[in-house]
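Take a look at the structure below.
If you read the sequence from its start, that first residue is 1, and numbering goes on from there.
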Amino acid sequence: GITMNNIPHNWAGDLVRNAWRESGLSLRQIARQANTSHATLNAYIKGDKSPSTATLERVISACGYAKMFHYGREFGLAMAYLEEKNSRRF
């Protein structure tokens with residue numbers, strides 16, 4: 001399982017990619033619904049950018065993944081990790 005110490009570098013991007021693939025929607029449709037750009041989603045998936053927790057939540061629900069308890073504790077840990085990582089970026 002995922003712990004605070006072994007969250008993969010591009011965890012958020014992997015989550016976005018998996019949710020997108022399972023959604024059956026195009027990246028552009030998801031971007032539109034999540035109020036972000038196609039290019040930004042691509043950057044998350046490639047690991048060039050890290051989404052804020054708010055953006056990640058919008059993207060995931062745009063994918064129809066509101067069934068987030070699917071990820072349970074691991075999702076919570078990863079969100080905490082992202083919050084901490086983003087708050088250290090000045």
Calculate, to the nearest 0.5 Å, the distance between atoms CZ and CG belonging to R17 and L27 respectively.
11.0 Å
Check whether any side-chain heavy atom of W20 sits under 4.5 Å from a side-chain heavy atom of L41, and report yes or no.
no
Rounded at 0.5 Å granularity, tell me how far CG in N42 sits from NZ in K49.
11.0 Å
Is the shortest heavy-atom distance from the side chain of T55 to the side chain of Y44 under 4.5 Å?
yes
Between L25 and A62, which heavy-atom pair has the shortest distance, and what is it?
CD1-O, 3.6 Å
Looking only at atom types and distance, does a side-chain atom of Q29 sit under 3.5 Å from a main-chain N or O of S26, one as donor and one as acceptor?
yes
Interatomic distance, I60 atom CD1 to L56 atom CG [nearest 0.5 angstrom]:
5.0 Å
OG/S50 to CG/N10 distance, rounded to the nearest 0.5 angstrom?
7.0 Å
Shortest non-hydrogen separation from A31 to S37 and the atoms involved
CB-C, 3.6 Å
Using side-chain heavy atoms (C-beta onward) and a distance below 4.5 Å, is V16 in contact with I30?
no
Under 3.5 Å: donor-acceptor pair, side chain of T40, backbone of T36
no
Just verifying a value: how many Å separate C63 SG and Q33 CD, rounded to the nearest 0.5 Å?
8.5 Å
Minimal non-hydrogen separation, R58 against N35, with atom names
NH2-O, 4.0 Å
